[in-house]
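The chain is numbered in sequence order, starting from 1. Every heavy atom of this structure was used, including side-chain atoms; hydrogens, water molecules and symmetry mates were not.
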Amino acid sequence: MRVLIVEDEAKMAGLLRRGLVREGIAVDLVGEGEEALWKAEAVSYDAIVLDLMLPGIDGFEVCRRLRDDGVISPILMLTARDGVPDRVAGLDAGADDYLVKPFRLSELLARVRSHLRRTGDADRGDEAVEVGAFKVDRAARRAWQDGAELSLRPKEFELLALLVAQAGRVVTRQRIMDEVWQTEWMGSTKTLDTHILALRQKIGSDAITTLRGVGYRLELP
Ligand code: CA
């Protein structure tokens with residue numbers, strides 16, 4: 001289990017880090033938003049504890065960008081401000097949970113544990129799938145092509161995992177939107193095209209066949 005803490009106040013950050021480490025959770029700590037975006041792209045965190053008030057881009061914006069980038073880790077937002085508008089804005093930005101400062105460390109740990117449990121439940125029973133040149137391990141969130149590990153962003157990983165699970169069969173655009181971006185997605189499917197393009201750049205354009213207007217198919221060797 002690995003958690004990212006985004007908090008600029010050293011004292012608070014240290015307290016959070018010690019609390020989580022004591023629970024046996026690996027912790028990465030960053031003090032500002034841009035850094036958080038970099039970290040969350042490089043590492044698939046089981047949860048992100050995100051302070052709202054940060055130097056540079058604030059927690060709302062960080063949260064929004066993480067979600068836009070396809071980061072699906074549970075995000076727990078921290079703020080000193082107590083108000084319904086902030087709470088709503090946080091949830092609108094894609095946060096899963098909200099904690100108002102000052103809070104008890106035990107309260108934060110309980111919330112983080114509950115999110116970690118949820119992440120763990122979702123992963124349980126997922127076995128590594130091997131099809132043709134591809135191997136996908138959902139539990140570890142790792143994927144390989146011809147034995148070489150692929151460096152995929154979260155949504156690219158989800159996309160590949162779905163295509164590999166259905167290899168040789170067409171997966172409709174609607175199904176991909178439902179399963180990778182969840183059903184409440186109401187926006188354009190341009191995001192899907194962008195991600196397919198990015199995935200093709202990583203695994204080779206021949207690996208995925210486009211069925212125009214219908215969907216995509218991962219080709220079996
Ligand atoms: Ca702060």
Side-chain angles (χ1 to χ4, degrees), residues 1-126 137-142 154-155 157-158 181-184:
M1 288 294 177
R2 182 168 283 272
V3 170
L4 176 66
I5 297 175
V6 189
E7 167 65 279
D8 57 311
E9 293 151 67
K11 204 173 154 192
M12 172 65 92
L15 191 76
L16 295 178
R17 191 219 295 262
R18 280 193 299 280
L20 290 169
V21 167
R22 245 196 324 262
E23 300 269 313
I25 297 165
V27 173
D28 287 339
L29 183 59
V30 297
E32 52 112 315
E34 289 286 353
E35 227 182 318
L37 295 173
W38 280 106
K39 283 300 261 186
E41 280 221 355
V43 182
S44 177
Y45 289 101
D46 297 295
I48 298 171
V49 177
L50 175 63
D51 189 39
L52 179 58
M53 303 293 279
L54 295 166
I57 52 174
D58 70 11
F60 290 139
E61 187 57 27
V62 173
C63 191
R64 217 169 283 128
R65 289 202 207 167
L66 287 172
R67 292 309 189 215
D68 282 350
D69 285 349
V71 172
I72 56 163
S73 315
I75 296 175
L76 198 152
M77 213 178 255
L78 305 178
T79 180
R81 291 190 247 165
D82 183 12
V84 173
D86 273 354
R87 185 169 181 280
V88 171
L91 297 176
D92 274 353
D96 297 274
D97 208 347
Y98 202 87
L99 212 52
V100 177
K101 290 178 183 174
F103 50 82
R104 299 235 296 263
L105 185 61
S106 58
E107 170 71 11
L108 175 104
L109 294 177
R111 302 272 189 102
V112 170
R113 268 198 301 269
S114 122
H115 286 291
L116 291 177
R117 223 168 15 242
R118 234 168 287 162
T119 314
D121 286 347
D123 286 344
R124 202 165 301 147
D126 287 335
D137 184 343
R138 274 187 173 276
R141 292 193 72 83
R142 297 173 75 185
K155 290 294 185 200
F157 175 85
E158 293 293 333
W181 278 271
Q182 273 69 55
T183 42
E184 64 268 26

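For D96 (side chain) and I75 (main-chain N/O), a donor-acceptor pair under 3.5 Å exists by modelled atom type. Counting only distance, with no hydrogens or angles, the side chain of R67 and the backbone of G94 share a donor-acceptor pair below 3.5 Å. Checking side-chain atoms of R111 against main-chain N and O of Y98 turns up a donor-acceptor pair under 3.5 Å.
Here the side chains of R142 and S44 are not in contact, with every heavy-atom distance at 4.5 Å or above. The closest side-chain heavy-atom distance from L108 to L76 is below 4.5 Å.
Applying the side-chain contact (heavy atoms from CB on, under 4.5 Å) rule to R104 yields the partners S106, E107; only residues at least two apart in sequence or on another chain are considered. Taking the side-chain contact (heavy atoms from CB on, under 4.5 Å) definition, one finds that D68 meets it with nothing, sequence neighbours left out. With sequence neighbours left out, E61 forms a side-chain contact (heavy atoms from CB on, under 4.5 Å) with I57, D58, R64, R65. The side-chain contact (heavy atoms from CB on, under 4.5 Å) check on S73 picks up Y45, I48, V71, with sequence neighbours excluded. For E32, the salt bridge (charged side-chain N to carboxylate O under 4.0 Å, His left out) criterion is met by no residue, not counting sequence neighbours.
Note that the CD1 atom of I25 and the CD1 atom of I5 stand 9.0 Å from one another [nearest 0.5 Å]. For the atom pair CG (L66) and CG (L37), the distance works out to 5.0 Å, reported to the nearest 0.5 Å. Between C63 atom SG and L52 atom CG the span is 10.0 Å, to the nearest 0.5 Å. Residue T79 holds its OG1 atom at 10.5 Å from CZ of F103, rounded to the nearest 0.5 Å. For the atom pair CG (L78) and CG (D51), the distance works out to 5.5 Å, reported to the nearest 0.5 Å.
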In sequence, state the C-alpha distance, the side-chain angles, and the governing distance for R17 and L20, and then conclude on side-chain contact (heavy atoms from CB on, under 4.5 Å). CA-CA 5 Å; R17 191 219 295 262; L20 290 169; over 6 Å; no
Apply side-chain contact (heavy atoms from CB on, under 4.5 Å) to residues V30 and L4 and explain how you reach the verdict. CA-CA 8 Å; V30 297; L4 176 66; 4.2 Å; yes
Can you check side-chain contact (heavy atoms from CB on, under 4.5 Å) on V112 and D46, steps first, answer last? CA-CA 9 Å; V112 170; D46 297 295; over 6 Å; no
Take L54 and E34 through the test side-chain contact (heavy atoms from CB on, under 4.5 Å) and record every step on the way to the result. CA-CA 10 Å; L54 295 166; E34 289 286 353; over 6 Å; no
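For L109 against E23, the heavy-atom pair with the smallest separation is CD1-OE2, 3.9 Å. Summarising the geometry of G59 relative to M77, their closest heavy-atom pair is O-CE, 3.7 Å, with the distance given to 0.1 Å.
Within the structure, the salt bridge (charged side-chain N to carboxylate O under 4.0 Å, His left out) test picks out the following pairs touching residues 2-12 (sequence neighbours left out): R2-D28, E7-K101, E9-K101.
Using a 4.0 Å cut-off between charged nitrogen and carboxylate oxygen, R138 and E158 count as a salt-bridge pair.
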